[in-house]
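Input: a single structure, listed below in C-alpha cells.
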Amino acid sequence: MHEVLPSAEIELPGLTTAVEDLAPAAARTELTVGLVPAGDELKAFVEYSSDLWDPDTIERWMRDYVALLGEEVHRALKG
C-alpha cells in the first residue's frame with residue numbers, strides 16, 4: 001500500500017495546499033480518493049494498492065485532481 005500526495009508545491013490563487021500523511025497501514029480497496037473536512041480546509045487523500053497502481057501515475061492523478069479542484073473553486077468564487 002502506498003499513499004501519495006503531490007510532492008511538488010502547488011500554488012492556486014486563494015488556496016493553501018499542504019502534503020500530509022493520512023494513510024492507514026494498508027489499502028482497503030484498489031483505489032480510494034477523498035476529501036476530509038479539517039476546520040476551514042479540505043484535506044485530500046489517496047489510498048491505493050501498489051500491486052495495481054504505479055506511484056508516478058498516482059502522483060500525476062493527484063496533481064491533476066488538486067488543480068481541477070482549484071479551478072472549480074476559483075470559477076465558483078468568480079460567480
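Quick note: numbers below take in every heavy atom, side chains included, and nothing from hydrogens, waters or symmetry partners.
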Closer than 3.5 angstrom, by distance alone: can the side chain of Trp61 be matched with the main-chain N or O of Asp56 as a donor-acceptor pair? no

Determine whether [X] and [Y] make a side-chain contact, defined as any pair of heavy atoms from C-beta on separated by less than 4.5 Å.
X     : Y     : value
Ile58 : Leu31 : yes
Leu42 : Leu69 : no
Met62 : Val33 : yes
Tyr48 : Thr29 : no

- [ ] Using a strict 4.0 Å threshold on nitrogen-to-oxygen distance, state whether Glu59 and Arg63 make a salt bridge.
- [x]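 Answer for the salt bridge query: yes.
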
Item to complete: Could you give me the CA-CA distance, side-chain angles and deciding distance for Phe45 and Thr32, then say whether side-chain contact (heavy atoms from CB on, under 4.5 Å) is met?
Response: CA-CA 8 Å; Phe45 69 91; Thr32 303; 3.9 Å; yes

request  = Kindly work out whether a path of hydrophobic side-chain contacts (I/L/V/M/F/W/Y, heavy atoms less than 4.5 Å apart) joins Leu52 to Tyr65.
outcome  =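 Linked, Leu52 and Tyr65 end up in one cluster.
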
